[in-house]
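Right, I'll just put the structure down here and ask away after.
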Amino acid sequence: MLYSEKVMDHFMNPRNVGEMEDADGIGEVGNAKCGDIMRMYLKIENNIIKDVKFKTFGCGSAIASSSMATELIKGKSVDEALELTNKAVTEALDGLPAHKLHCSVLAEEAIKAALDDFYKKYPNGK
Ligand code: FES
């Protein structure tokens with residue numbers, strides 16, 4: 001089996017899919033090679049990630065990675081979310097095939113972009 005059960009589960013039943021009207025930070029990233037796009041929305045209170053939503057126009061591994069990434073940062077502090085790596089996402093998914101690792105990188109980048117946007121809006125946190 002090419003994909004782990006966890007990858008299949010998060011691909012078939014992705015968590016936290018959607019958009020957010022009052023997001024405190026929005027990040028959108030894309031991969032030029034495959035053309036996939038990922039967008040992350042963050043709701044932040046007292047520097048804790050209160051809510052997170054994502055929209056991914058991409059492959060199954062990108063959808064599973066973004067779903068898992070949202071689960072990993074929900075309820076965490078902004079600082080902890082900033083430290084999330086694609087390696088941690090991949091490990092939480094019980095691995096991805098080597099040629100699909102870039103999909104998890106997209107998830108890390110989307111969260112960092114959303115946090116970047118948050119800090120631009122709220123330089124002193126919120
Ligand atoms: Fe590009 Fe998965 S193939 S994000």
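Every number for a ligand or one of its atoms is a count from 1 in the order of the listing.
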| Residue list, salt bridge (Lys or Arg N to Asp or Glu O under 4.0 Å) with Asp117, at least two apart or on another chain | Lys121
| message | Looking at Asp22, I want to see if its CG is surrounded by more than 12 non-hydrogen atoms of other residues, nucleotides or ligands under 6.0 Å. | response | yes
| said: Checking side-chain contact (heavy atoms from CB on, under 4.5 Å) between Ser65 and each of Val89, Asn86, Val7, Thr56, which is the one that passes? | reply: Val89
| query | Among Asn46, Ile73, Ile44, which residue meets the side-chain contact (heavy atoms from CB on, under 4.5 Å) test with Val78? | reply | Ile44
| Among all residues two or more places apart in sequence or in another chain, which pass the salt bridge (Lys or Arg N to Asp or Glu O under 4.0 Å) test with Glu91? | Lys87
| Atoms named by residue and atom, protein N, O or S, within reach of atom 2 (Fe) of ligand 1 (under 2.8 Å) | Cys59 SG, Cys103 SG
| message | For Phe57, give me all partners under ring pair (Phe, Tyr, Trp, His ring centres under 6.0 Å), at least two apart in sequence or on another chain. | response | none
